[in-house]
J.: 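Handing you this structure, nothing more for now.
Everything quoted here is computed from the prediction, not taken from an experiment.
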Amino acid sequence: MDINVTDILTYVAPVLTGIAGWWGGRKKKRNDFLGNLQASIDLLAEKNRILMEEVVKLREENAKLRLDIAELTRKLEGVKTITRKA
């Protein structure tokens, strides 16, 4: 029984290519997962930035409204004082 290189390659090549394909596929799957995870992080970071801008605007508006209320309260006290004197 003569064993030559082509006979050995006939049995070994499919095993080696199967292992290489499995390893490459596993690595690609991990890279795809990391890419998707990074995209999710980027999306959440952008949404967080937008929400933070909105919070800052609302706080500014709230501060302005508090000043307006304080001014109106002061004016109302003045009106009450004038009414009491009359």
Side-chain angles (χ1 to χ4, degrees):
M1 183 168 167
D2 288 342
I3 298 176
N4 59 25
V5 175
T6 57
D7 290 337
I8 294 173
L9 286 177
T10 303
Y11 297 108
V12 174
V15 173
L16 292 177
T17 56
I19 291 171
W22 171 80
W23 186 73
R26 194 173 119 210
K27 187 169 181 141
K28 183 182 183 312
K29 184 178 179 181
R30 283 186 184 171
N31 286 340
D32 288 347
F33 172 74
L34 291 176
N36 289 339
L37 192 59
Q38 185 63 47
S40 295
I41 290 170
D42 293 342
L43 179 64
L44 289 173
E46 178 63 22
K47 285 184 178 180
N48 187 47
R49 183 188 63 76
I50 291 168
L51 289 174
M52 288 301 292
E53 288 176 357
E54 186 176 346
V55 166
V56 168
K57 287 178 186 175
L58 289 173
R59 285 185 178 178
E60 289 172 353
E61 183 180 351
N62 193 20
K64 183 184 178 302
L65 290 172
R66 286 178 184 258
L67 288 173
D68 290 346
I69 289 171
E71 182 181 347
L72 289 173
T73 303
R74 184 181 49 81
K75 287 180 180 178
L76 184 59
E77 288 299 323
V79 169
K80 286 181 183 176
T81 306
I82 294 172
T83 307
R84 287 182 193 155
K85 289 181 181 177

J.: How would you list, by chain and number, every residue that makes a salt bridge (Lys or Arg N to Asp or Glu O under 4.0 Å) with Lys47, sequence neighbours excluded?
T.: none
J.: Does the pair Glu46/Arg49 count as a salt bridge with the N-to-O cut at 4.0 Å?
T.: yes
J.: Any pair with a residue in residues 14-28 that passes side-chain hydrogen bond (donor to acceptor under 3.5 Å, both in side chains), sequence neighbours left out, goes on the list, sorted by first then second residue, please.
T.: Lys28-Asp32
J.: Only counting residues at least two apart or in another chain, list the ones meeting side chain to side chain donor-acceptor pair (under 3.5 Å) with Glu77.
T.: none
J.: Apart from Phe33 itself, which Ile, Leu, Val, Met, Phe, Trp or Tyr residues share its cluster (side-chain heavy atoms under 4.5 Å, direct or through members)?
T.: Leu34, Leu37, Ile41
J.: Rounded to the nearest 0.5 Å, what separation is found between the CZ atom of Arg74 and the CG atom of Leu76?
T.: 11.5 Å
J.: My understanding is that a hydrophobic cluster links ILVMFWY residues whose side chain heavy atoms are under 4.5 Å apart, including indirect links. Using that, what else belongs to the cluster containing Val15?
T.: Ile19
J.: Report all side-chain donor-acceptor pairs from residues 64-72 shorter than 3.5 Å, counting only partners two or more places apart or in another chain.
T.:
{"unit_1": "Lys64", "atom_1": "NZ", "unit_2": "Asp68", "atom_2": "OD2", "d": "3.2"}
{"unit_1": "Glu71", "atom_1": "OE2", "unit_2": "Lys75", "atom_2": "NZ", "d": "3.3"}

J.: If you apply the rule side-chain contact (heavy atoms from CB on, under 4.5 Å), what do you find for Glu54 with Leu58, and how did you get there?
T.: CA-CA 6 Å; Glu54 186 176 346; Leu58 289 173; 4.1 Å; yes
